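Because only heavy atoms are used, hydrogens play no part in the values below, and waters and symmetry mates are left out as well, while side chains stay in. Source: prediction; values computed, not measured.
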Amino acid sequence: VQLQASGGGSVETGDSLRLSCASSRRTVGGREFSSHVMAWFRQAPGKEREFVSATSWGGGETYYANSAKGRFTISRDNAKFTVYLQMNGLKPEDTAVYYCAAGLFEGMVLNVQSTSDTKQYRSWGQGTLVTVSS
């Protein structure tokens, strides 16, 4: 698996976690890491995978699901081929497996609608489990 997600764990309500997703190579599927929009999705037990946040190729633009706004911050370090998700004020409803994803989005306008489309992502990490207890 080229994209390795890490940083999950079991925490209590109100705690923070920082997820990381690192590419083992400077390229993802033959294209530079920096050529990819990077995103985080999550999937809770018995539910569909849902969008959490995304960042543009250079990291200058970020997009968030309503559930993540004000609490989560996405960032990326293209020199380290890594994307991060800082999660503050965690709630039990944030419990899920968190997946990172990489997509090219060539010629596309980036916004929440486009970056939340799972079909646009060509590479996925293996997931890291976040459990938030009340």
Side-chain angles (χ1 to χ4, degrees):
V1 177
Q2 183 174 356
L3 295 177
Q4 294 280 354
S6 61
S10 295
V11 297
E12 296 183 347
T13 297
D15 285 350
S16 298
L17 280 175
R18 188 193 195 203
L19 305 184
S20 298
C21 172
S23 172
S24 57
R25 296 188 291 272
R26 67 177 294 139
T27 58
V28 179
R31 300 289 299 272
E32 293 285 334
F33 178 85
S34 60
S35 296
H36 291 80
V37 170
M38 297 299 297
W40 288 94
F41 289 78
R42 68 186 182 186
Q43 188 165 17
K47 294 187 177 181
E48 293 186 355
R49 190 168 298 189
E50 66 174 7
F51 172 76
V52 176
S53 182
T55 178
S56 60
W57 305 274
E61 296 179 343
T62 56
Y63 310 92
Y64 295 94
N66 287 334
S67 58
K69 283 181 183 176
R71 298 189 300 128
F72 295 0
T73 302
I74 190 170
S75 61
R76 66 189 294 165
D77 186 339
N78 285 340
K80 296 182 178 179
F81 318 131
T82 301
V83 62
Y84 305 97
L85 186 68
Q86 176 67 43
M87 303 188 295
N88 299 328
L90 284 162
K91 306 174 181 179
E93 50 264 43
D94 295 318
T95 295
V97 176
Y98 284 71
Y99 298 90
C100 58
L104 293 172
F105 288 81
E106 291 178 320
M108 293 183 66
V109 173
L110 299 185
N111 49 42
V112 171
Q113 182 176 3
S114 63
T115 58
S116 63
D117 183 359
T118 57
K119 298 188 299 295
Q120 300 300 330
Y121 294 91
R122 63 202 296 258
S123 184
W124 292 81
Q126 86 287 5
T128 185
L129 177 62
V130 172
T131 303
V132 185
S133 58
S134 57

### Task
Tell me yes or no: between the side chains of Ser133 and Glu12, is some donor less than 3.5 Å from an acceptor?
no
Does Phe81 have Arg25 sitting over its ring (NZ/CZ under 6.0 Å from centre, angle to axis within 45°)?
no
Is the closest side-chain heavy-atom distance between Leu85 and Thr73 below 4.5 Å? no
Item to complete: Could you check if a side-chain atom of Glu32 sits within less than 4.5 angstrom of a side-chain atom of Arg26, using non-hydrogen atoms only?
Response: yes
ask   = Can the ring centroids of Tyr121 and Phe105 be said to lie less than 6.0 angstrom from one another?
value = yes
*Does a donor on one side chain and an acceptor on the other come within less than 3.5 Å for Ser16 and Asn88?*
yes
Q) Does the side chain of Arg76 reach to within under 4.5 Å of the side chain of Phe33, using non-hydrogen atoms? A) yes
Notebook entry, point to check: Any donor-acceptor pair under 3.5 Å linking the side chain of Arg18 with the backbone of Gly8?
Noted result: no
Measuring only between side-chain heavy atoms, which start at C-beta, is Leu110 closer than 4.5 Å to Val37? yes
One should read off an interatomic distance between Ser34 OG and Asp77 CG, to the nearest 0.5 angstrom, of 11.5 Å
**Request:** For Thr115 and Asn111, indicate whether the former's side chain and the latter's backbone hold a donor-acceptor pair under 3.5 Å.
**Result:** yes
Within the distance-only criterion (no hydrogens, no angle test), does the side chain of Arg31 pair as donor or acceptor with the backbone N or O of Thr27 below 3.5 angstrom? no
Notebook entry, point to check: Out of curiosity, does Phe51 fall in the hydrophobic cluster containing Leu104 (side-chain heavy atoms, cut-off under 4.5 Å, transitive links)?
Noted result: no
Taking the side chain as C-beta and beyond, is there a heavy-atom pair between Thr118 and Phe41 under 4.5 Å? yes
Compare all side-chain heavy atoms of Thr13 with those of Leu90 and state whether any distance is below 4.5 angstrom. no
When the ring planes of Tyr99 and Trp124 are compared, do they come out parallel, tilted or perpendicular, using 30° and 60° as the limits? perpendicular
d(Lys47 NZ, Thr95 OG1) to nearest 0.5 Å is 10.0 Å
(request) Check whether any side-chain heavy atom of Gln86 lies under 4.5 Å from a side-chain heavy atom of Phe72, and answer yes or no. (result) no
**Q.** Ala22 backbone acceptor or donor facing Thr82 side chain under 3.5 Å
**A.** no
Within the 4.5 Å heavy-atom criterion, are Arg42 and Arg49 side-chain neighbours or not?
no
- Task: Start with the C-alpha gap between Gln2 and Ser23, add the side-chain angles, then the distance that decides, and say whether side chain to side chain donor-acceptor pair (under 3.5 Å) holds.
- Result: CA-CA 6 Å; Gln2 183 174 356; Ser23 172; 3.1 Å; yes
Rounded to the nearest 0.5 angstrom, the CD-SG distance for Gln4 and Cys100 is 8.5 Å
So OG of Ser24 and CG of Leu3: to nearest 0.5 Å the spacing works out to 7.5 Å
